[in-house]
Amino acid sequence: MTVQRLSEEWFTRCQERSLSMRRCDKCDVNTFVLRQYCSLCLGELRWCPASDSGEIFTLSLVGKSEATGAGLPAPYVVAYVKIDGALFLTNVRYSTQYPHIGDQVTLDWVVLEDRVVPLFVLST
Amino acid sequence: MSHDPVIVGAYEIPDRVIPDTDLINVFESAARGAILDAGIDPKVIDGLFLTNLPGRLPVHVLAEHLGVEPRWADSTGLGGTTSLASIQRAVAAIRAGKCSVALVVYGSLTRSLRTPLGTGGAPEGAVEERDAVYGPTVSSRYGMFALRHMHEFGTTPEQLAEPAVAARQWAQLNETAIRKNLLTTAEVLGSTMIATPLTAPMCCVITDGGGAVIVARADVAGTSPARAVQVLGSGERTVHRDTVSVTGFTTSAAYHAAKDAFGEAGVAPSEMNLCTVYDSFTITVITALEDAGFCPKGEGGAFVEGGRLGPGGALPTNPDGGGLATNHPGMRGIFLIIELVRQLRGEAGRRQVNAAALGAAIGIGGTLDSRHTSGVLVLARS
């Protein structure tokens, strides 16, 4: 039984512009929690490509922050996007139309200093 | 009967900014205050329950500074609800005969040290490096939770403002409160937006501070039986959000913790004369009250309307002004206990709630949108 370095693997997969999640085929469960084993059956989870679109589950427009979003200064939108049944914490980038719960969003990538990071934009 | 643990001492440092000091000295002051309040010999303390971020202040250092050699030393990090969880641990330890006099203590210099909190980014070395890149501030996490609550249950912005309006009313009666100007609902809604839908008055203050509580066998020497406060019940639960979560996104851990606490106490939420509820944000109060069973799930918004939580309301809540108006050094669970003890002893001065015999403290630590712990205590006047 090897201990995996899932966080590092996540970032490597992102460099290749692949949005991945963890999946248990036996329990038919997907999760973005970077865990090794299925919390239901303790079986090994596998990496699985996630859909490149999802639905906004909830969001918040950060008006005041000492932090920034992924390449986004305040105000920026932090959101949970529901993808293949799992919630993914991310940013939703928008220009004119403000996003709402239930809106469909599409995967996009932003290149930061040393990283390629997935985020979402409103689907057209 | 004499083995049954009771709360015999409580103390809150009145200062909201404590510049130019060391964290350990804040803990010393909080502990000394509670020991003097209890009237006990410090040497009888044989249980030490520390609230802090793990590694920030080793429990051994605190024991050394207090000059105690505890039989039970505990350093628990469950966020803002830690002190309530510590009471549960202290009560269990005393009942098991593993200690007799337990000191539960908390201190923080969050404001003076400018520790990232409500609007800051993730602290260095955060577990979830992946999440940090998106800038999920604590206030935006609660904002996301609040918006989902509004979406599912029809909770309105006006209802979200209510706990802030009540907190300012209570603050009039507490000279150590720091946000004392009264606000109307419209003024709360028109204030600076921190993270939608939460405006500045809906978010707690950030202060320094500290406090301590002593739980002991009822027969410990020096204490006043008339001032002792009974611990009728306690409960705790840690939950997280995932595809396998059972109760759903908008239900907090308070649902489980309160069931255990009220079940053990053998009383119902409707019997409470007052409450202290973790008010990191106004949505925390609304959610904690409905999950603890004060109203049906989803009706927390309507429940807090009409001044119910304020002075003279049907359920006086956070009479000290809470985190929204008085103090929030990062993890304010200890102050939920201290204010409830003051009220049940009848020692709350101008803000004393009439006929305060039975009350609940409902804590939430961590973030409601994801991983968090709730601790609930039901306390009673002797």
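Lettering follows sequence order; numbering is per chain, from 1. Side-chain atoms are counted along with the backbone in the values below, which use heavy atoms only and exclude waters and symmetry mates.
Both the backbone and the side chain of Thr90(A) come within less than 4.5 Å of a heavy atom in chain B. For Pro73(A), no part lies under 4.5 angstrom from a heavy atom of chain B. In this structure, the portions of Phe32(A) lying under 4.5 Å from any heavy atom of chain B include both its backbone and its side chain. Only the side chain of Leu112(A) comes within less than 4.5 Å of a heavy atom of chain B; its backbone N, CA, C and O stay farther away.
Atom-to-atom distance recorded for Met144(B):CE and Ile101(A):CD1 is 11.0 Å, nearest 0.5 angstrom. Note: Asn91(A) CG to Tyr134(B) OH = 7.0 Å, rounded to the nearest 0.5 Å. Note that OG1 of Thr58(A) is 11.5 Å distant from NE2 of His149(B), once rounded to the nearest 0.5 Å. Here the straight-line distance linking atom CG of Leu89(A) with atom CG of Asp369(B) works out to 7.5 Å at 0.5 Å rounding.
The shortest side-chain heavy-atom distance between Ser370(B) and Tyr80(A) falls under the 4.5 Å cut-off. For the pair Met193(B)/Leu61(A), no side-chain contact is recorded, criterion being any heavy-atom separation below 4.5 Å from C-beta on. Within the 4.5 Å cutoff, the side chain of Phe11(A) has no heavy atoms near those of the Val133(B) side chain.
Chosen from Ala146(B), Pro197(B), Ser140(B), the residue pairing most often with chain A at heavy-atom distances under 4.5 Å is Ser140(B). When the candidates Cys27(A), Cys14(A), Gly102(A), Gly63(A) are compared by the number of heavy-atom contacts under 4.5 Å with chain B, Gly63(A) comes out ahead.
No more than 12 heavy atoms of other residues, nucleotides or ligands sit less than 6.0 Å from atom NZ of Lys26(A). More than 12 heavy atoms of other shown residues, nucleotides or ligands fall within 6.0 angstrom of atom NZ in Lys297(B).
Under a 3.5 Å cut-off, the side chain of Thr196(B) and the backbone N or O of Ser60(A) do not form any donor-acceptor pair.
A cation-pi arrangement, defined by a distance under 6.0 Å to the six-membered ring centre and an angle within 45 degrees of its axis, is present between Arg148(B) and Phe57(A).
Looking at every heavy atom in both residues, Ala67(A) comes nearest to Gly135(B) through CB-CA, 4.3 Å.
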